[in-house]
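Below is one structure, written out as structure tokens, with a few remarks after it.
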Amino acid sequence: MNFLVVDMTHGGVKLSIKLSTDNKNRVYGYDIYNTLKESELKELYSNNVKLIENINNLNDISDLSVISPVHCPLEEKDYKKEINENIKYYTHHSGVKLILEPWIKRMNSENKPIIEITGVKGKTTTGFILKEILNDPLLLSSLGAYIFRENPIILKKNLSITPANIIETIDMARKISNPKCSLDNDGNIFKDEINYDSAIFESSLGACGIGDIGILTNIIEDYPIARGKSNASIAKEQIFNCSLVVCEYNTLNEYYNKHNKNNINTFAINDIDANLIARNINYSLSKTTFEVEYENLKTLSGDLISGRFNAVSFAPGPQHILNILAATSAALTLEINEDRIIEGLSNFKGIIGRSSIRQISNSTIIEEVNPGLNTSSIEKSINMVEAYENYNIIIGGKYGITCEEIDENKLIKMISDKISNNPSVKIIVTDELGHSINEKINNMEGKIESVKYIKELDDAIDYSVENNKNILLIYRSNYSQVNKR
């Protein structure tokens, strides 16, 4: 078969090389953003991947399959126009499914569930909640790839959630059970022992459709992609290619109401029309209690189940409860018993690197760290601590770490509205994001006096601790950039 893999930046190198391992395939690569490093060029060359500079050069190949990411400005119709009408078109996500077909069959034959997670916010947290419930899972998240057992195995930290890294995660897990020095290791990713009992894959901008369960956490901001030709909600619609889908109730109704509900379970807070809801929530910074109620929830075996149970977990705000409900819905869909779910939820204490609590001297610090923070998620975090006294809210972070950048004007308006409604709110801005916000505030006609700028994050934390203030830290970055203390 002939393949053209487009975009070497977001996993295209890995996809090209994996396809080229089959000698029957002829693989071409198109470095549309011109980002290839010298080492990657050599790797592609050594694997017989031929790079092209113009896709028109392939217009005489009648059986060509094009694999292109959903965020690429070139769409299916563009490839058909520039190459020929007979091409087969795959996204990077569906290309991964094509490559993994033997592994998927193996997982299914061994009754080992596969779960895919996408959404704008809450993906990583939902994955880590699920790993507390499922048996010995393989997990790919924005924090890295792991096999969770009694003694967890870190496969790789800070691995991106581009779809090609699902293949790399599976490959790394294989090498744990069949190391290079083993005579049993002939490089075949699909025939070796599967040394985990379930697989959870967080994925950006959609899903591969390999999941027994697909989870769509939310679309709290529908940001543009593909140079404005598409948006996040369109890309993440790929989740509905999974066998059964768990989706936040309002997200389904607003963006995906056309989908047949026969393979969809919904979750919500106090919305009786959802399949699973949380009632009687008593929020606490360290331990929140709530009641889970579910009705006519569809399982993988085709049954409809209903029930109710009480649970406790780390969930200081409504957004955390929704993540818990997403994971709980998926677990019930897999027919995991309530006691196991209750135990898993109680074991979840937050994630160091996303949502967690720590103590410095007399100050309690709630950390909300995320490389893709936007105004909506920042506002939800602020809402979480408004009922508590003696809090400084620190907002800051980096740029250029995700495709989705933050709308500073929208953020400044939200901050202004918060302070107008509650003058006791104390906000500190810091780092690159804080500097830019501070510059814009200083140039406004009505300057927001109660917003303080402190250049360095550590200094902003020290300032609050020295003044015996508790801290809500909302930081747009990878945790490795924050964990300096």
Side-chain angles (χ1 to χ4, degrees), residues 3 5-7 9-19 21-22 65-72 76 88-108 112-120 123-124 126-127 130 134 137-142 145 155 159-174 189-190 194 196 198-217 219 225-226 230 232-247 256 259 263-264 300 326 330 333-334 403:
F3 290 95
V5 179
V6 179
D7 187 357
T9 308
H10 302 95
V13 171
K14 294 174 184 177
L15 292 177
S16 300
I17 292 172
K18 187 58 64 176
L19 287 166
T21 57
D22 186 337
S65 294
V66 175
I67 301 178
S68 179
V70 292
H71 55 72
C72 182
E76 180 177 2
K88 290 183 180 179
Y89 176 81
Y90 298 89
T91 64
H92 275 202
H93 293 84
S94 54
V96 167
K97 181 178 182 179
L98 186 71
I99 293 169
L100 287 179
E101 280 181 357
W103 175 83
I104 296 166
K105 289 179 182 178
R106 179 85 178 274
M107 289 287 285
N108 291 340
K112 295 183 175 184
I114 305 167
I115 299 173
E116 291 191 88
I117 307 173
T118 193
V120 174
K123 300 184 292 296
T124 301
T126 301
L130 272 171
L134 298 179
L138 173 69
L139 172 65
L140 169 63
S141 79
S142 58
L155 300 174
L159 189 64
S160 76
I161 52 174
T162 192
N165 282 338
I166 292 176
I167 298 173
E168 180 173 354
T169 298
I170 294 169
D171 197 13
M172 288 188 293
R174 176 189 64 83
I189 184 175
F190 303 117
I194 294 178
Y196 40 88
S198 57
I200 307 166
F201 300 125
E202 180 185 343
S203 188
S204 58
L205 291 178
C208 302
I210 65 177
D212 299 298
I213 308 292
I215 301 176
L216 179 53
T217 55
I219 305 287
I225 62 173
S230 186
S233 64
I234 293 173
K236 294 176 191 298
E237 193 168 9
Q238 294 176 101
I239 195 71
F240 292 96
N241 294 324
C242 294
S243 300
L244 271 173
V245 175
V246 168
C247 183
Y256 308 109
H259 283 274
N263 71 329
I264 301 172
L300 273 182
T333 301
L334 290 170
C403 296

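From a predicted model like this one, the values you see are computed outputs, not experimental measurements.
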Intermediate values then yes/no, side chain to side chain contact (heavy atoms under 4.5 Å, CB included), Tyr90 and Val5: CA-CA 10 Å; Tyr90 298 89; Val5 179; over 6 Å; no
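- Of the listed residues (Leu19, Ile170, Thr21), just one forms a side chain to side chain contact (heavy atoms under 4.5 Å, CB included) with Ile99, and that residue is Leu19.
- Side chains of Lys236 and Ile239 form no contact here, defined as non-hydrogen atoms less than 4.5 Å apart.
- For the pair Lys123/Ser142, no side-chain contact is recorded, criterion being any heavy-atom separation below 4.5 Å from C-beta on.
- Taking CD1 from Ile264 and OG1 from Thr333, the interatomic distance works out to 11.5 Å, rounded to the nearest 0.5 Å.
- With rounding to the nearest 0.5 angstrom, the CD1 atom of Ile166 is 4.0 Å from the SG atom of Cys208.
- Annotation: side chain of Ser230 is not in contact with side chain of Val70 (no heavy-atom distance under 4.5 Å).
- Residues Gly119 and Leu216 come closest through the heavy atom pair CA-CD1, 3.8 Å.
- A heavy-atom distance below 4.5 Å is found between the side chains of His71 and Asp7.
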Assess whether side chain to side chain contact (heavy atoms under 4.5 Å, CB included) is satisfied between Lys14 and Ile167, documenting all intermediate values. CA-CA 8 Å; Lys14 294 174 184 177; Ile167 298 173; over 6 Å; no
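- Annotation: the span from Asn108 atom CG to Asp212 atom CG amounts to 5.5 Å, rounded to 0.5 Å.
- One finds the OG1 atom of Thr126 at 8.5 Å from the CD atom of Glu202 (value rounded to the nearest 0.5 Å).
- Annotation for Gly11 and Ala164: closest pair O-CB, 3.4 Å, computed over non-hydrogen atoms.
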Would you check, one step at a time, whether the test side chain to side chain contact (heavy atoms under 4.5 Å, CB included) holds for Trp103 with Asp171? CA-CA 11 Å; Trp103 175 83; Asp171 197 13; over 6 Å; no
Tell me, with the steps shown, if Met172 and Leu159 meet side chain to side chain contact (heavy atoms under 4.5 Å, CB included). CA-CA 12 Å; Met172 288 188 293; Leu159 189 64; 4.0 Å; yes
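- The two residues Ser233 and Ile219 make their nearest non-hydrogen contact at CA-CD1, 4.2 Å.
- Distance OG/Ser160 to CG/Asn165: 4.0 Å, rounded to 0.5 Å.
- Without hydrogens or angle criteria, Gln238 side chain to Gly209 main chain gives no donor-acceptor distance under 3.5 Å.
- Considering only residues two or more places apart in sequence or on other chains, Tyr256 meets the ring pair (Phe, Tyr, Trp, His ring centres under 6.0 Å) condition with Phe240.
- The side chain to side chain contact (heavy atoms under 4.5 Å, CB included) test with Ile213 is passed by exactly one of Ile117, Ile114, Ile115: Ile115.
- Between the side chain of Thr118 and the backbone N or O of Ser203, at least one donor-acceptor pair lies under 3.5 Å.
- Using a 4.5 Å cut-off on side-chain heavy atoms (C-beta onward), Glu168 and Leu140 make no contact.
- For the pair Thr9 and Thr162, the minimum side-chain heavy-atom distance is 4.5 Å or more.
- A distance of 11.0 Å separates CD1 of Ile161 from OG1 of Thr169, quoted to the nearest 0.5 Å.
- Across all their heavy atoms, Tyr196 and Lys112 have their closest contact at O-NZ, 3.0 Å.
- Listed for the Ser68 side chain is no donor-acceptor partner under 3.5 Å among the backbone atoms of Val6.
- Residue Cys242 comes nearest to Glu116 through the heavy atom pair SG-OE2, 3.4 Å, listed as atom of the first residue, atom of the second, then distance.
- Counting only distance, with no hydrogens or angles, the side chain of His93 and the backbone of Ser204 share a donor-acceptor pair below 3.5 Å.
- Smallest separation of non-hydrogen atoms from Val96 and Pro163: CG2-O, 3.5 Å.
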